[in-house]
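In what follows, a single structure is set out as structure tokens and then discussed.
Worth knowing before you read on, the calculation uses all heavy atoms, side chains too, and leaves out hydrogens, waters and symmetry mates. Each ligand, and each atom within it, is numbered from 1 in the order the structure gives.
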Amino acid sequence: MLALITGASSGIGREFAKILAYRGFSLILVARRLDRLEELAADILENYDVDVNIVDCDLSEENNCYSLYQSVEHEKVDVLINNAGFGAYGEFSDTDLGIETKMIDVNCKAVHILTKLFLRDMEKKDFGYILNVASSAGLMSGGPYMATYYATKSYVVDLTRAVNEELHEKGSCVYVGALCPGPVDTEFNKVAGVSFSLGGISAKSCAIDGVYNMFEERKMIIVPTVMMKALTFLSRFVPTKPLLFITGKLQRRKGKAQDSNII
Ligand SMILES: NC(=O)c1ccc[n+]([C@@H]2O[C@H](COP(=O)([O-])OP(=O)(O)OC[C@H]3O[C@@H](n4cnc5c(N)ncnc54)[C@H](OP(=O)(O)O)[C@@H]3O)[C@@H](O)[C@H]2O)c1
């Protein structure tokens, strides 16, 4: 069995790699920081009897997504985890347009392309798993001060839900689901320029939850932790305007905490 994980050089992706190796999957690990991937591959090869290939790939470039698929097409990937992604904090009119278009490319376009290409192969053999790492942000009605990030994760949630339903209607055995964690302690905050207002869970527990609910429960939307499940559930009953106000307040606190180095 073979799994491809994007964004495996740190955080949740790195933990996905270790958990899937523990379950006996050979791995294709994708990210831009090759040194990190080499270090992870060496660690996995030392501890598990699996094959590991690493691929240096910038997923913000559309052509790289096609090349990545073509380079592994013949290997018959059984599990795809679209995990690579990042956020950025700030008022929409101030934030960097170049960074945001790259965010859309990595968080949405690359997920879209890889999901479609690998899904077609999986449908042919009527077997396979695709887990798209979205966020609890994707279950809200928008996120003031992280507007683009929230919008990208909504895209991933909506795309995943729709594809999941199409597969269900066809009676397909292929799984497509979205992992929607709340705060997780990774390098995400540093990249996004925020600090959490709620305590983050470990990347390991987030990845364990994702893998378990993908294989064992086949859940369409996976929200780790009871607290985040409760928060995302309750948010459905709050009208959009007050929900935007509350989300915006929380986001501002995250940005201010980062500015003043308060965690
Ligand atoms: N941490 C949280 O609180 C949280 C909550 C909900 C959802 N998420 C989602 O979880 C996923 C993983 O994030 P994380 O928290 O583990 O953060 P992280 O530690 O910063 O990891 C992000 C990963 O994405 C990769 N990546 C970023 N841009 C890339 C690009 N252009 N091409 C290829 N790979 C790229 C990074 O690798 P390189 O830099 O080496 O390329 C890294 O491996 C993301 O989709 C994030 O939105 C995170």
Test item, [X] contacting ligand 1 (heavy atom, 4.0 angstrom):
{"X": "S136", "value": "no"}
{"X": "A203", "value": "no"}
{"X": "A134", "value": "yes"}
{"X": "K190", "value": "no"}
{"X": "V106", "value": "yes"}
{"X": "G200", "value": "no"}

Atom CZ of R218 and atom SG of C173: how far apart are they, to the nearest 0.5 Å?
7.0 Å
Do any nitrogen or oxygen atoms of [X] lie less than 3.5 angstrom from nitrogen or oxygen atoms of ligand 1?
{"X": "D58", "value": "yes"}
{"X": "P181", "value": "no"}
{"X": "L59", "value": "yes"}
{"X": "V184", "value": "yes"}
{"X": "P183", "value": "no"}

If every non-hydrogen atom of [X] is compared with every non-hydrogen atom of [Y], which pair is closest and at what distance?
{"X": "A88", "Y": "M146", "answer": "O-CG, 3.4 Å"}
{"X": "L59", "Y": "A84", "answer": "CD1-CB, 3.8 Å"}
{"X": "E75", "Y": "L2", "answer": "O-CD2, 3.5 Å"}

Proximity winner for atom 5 (C) of ligand 1, if only heavy atoms of A207, S135, G182, A31 are counted:
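Among A207, S135, G182, A31, the closest heavy atom to atom 5 (C) of ligand 1 comes from G182.
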Out of C57, G11, P224, S10, who gets a non-hydrogen atom closest to atom 18 (P) of ligand 1?
S10
Under 4.0 Å from any heavy atom of V133, which atoms of ligand 1 are there?
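Listed by number with element: 9 (C), 10 (O), 11 (C), 45 (O).
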Run the numbers for me: atoms of ligand 1, each under 4.0 Å from some heavy atom of G85, listed by number.
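Checking each atom against G85, I get 22 (C), 24 (O), 44 (C), 45 (O).
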Given the ring of Y145, does R252 sit roughly above its face, with NZ or CZ under 6.0 Å from the centre of the six-membered ring and within 45° of the axis?
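Because its charged atom sits under 6.0 Å from the ring centre and within 45° of the axis, R252 does stack over Y145.
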Salt-bridge contact E216-R23 (side-chain N to carboxylate O under 4.0 Å)
yes
Using a strict 4.0 Å threshold on nitrogen-to-oxygen distance, state whether E187 and R14 make a salt bridge.
no
Tell me whether I221 shares a hydrophobic cluster with L167, the cluster being built from Ile, Leu, Val, Met, Phe, Trp, Tyr side chains joined at under 4.5 Å.
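No, separate clusters.
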Connected via hydrophobic side-chain network under 4.5 Å: M1 and Y22:
yes
Please report whether the ring centroid of Y149 lies less than 6.0 Å from that of F188.
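They qualify: ring centres under 6.0 Å apart.
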Mode of R36 contact toward ligand 1 - side chain, backbone, both, neither (heavy atoms, under 4.0 Å):
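Within the 4.0 Å criterion, R36 makes no contact with ligand 1.
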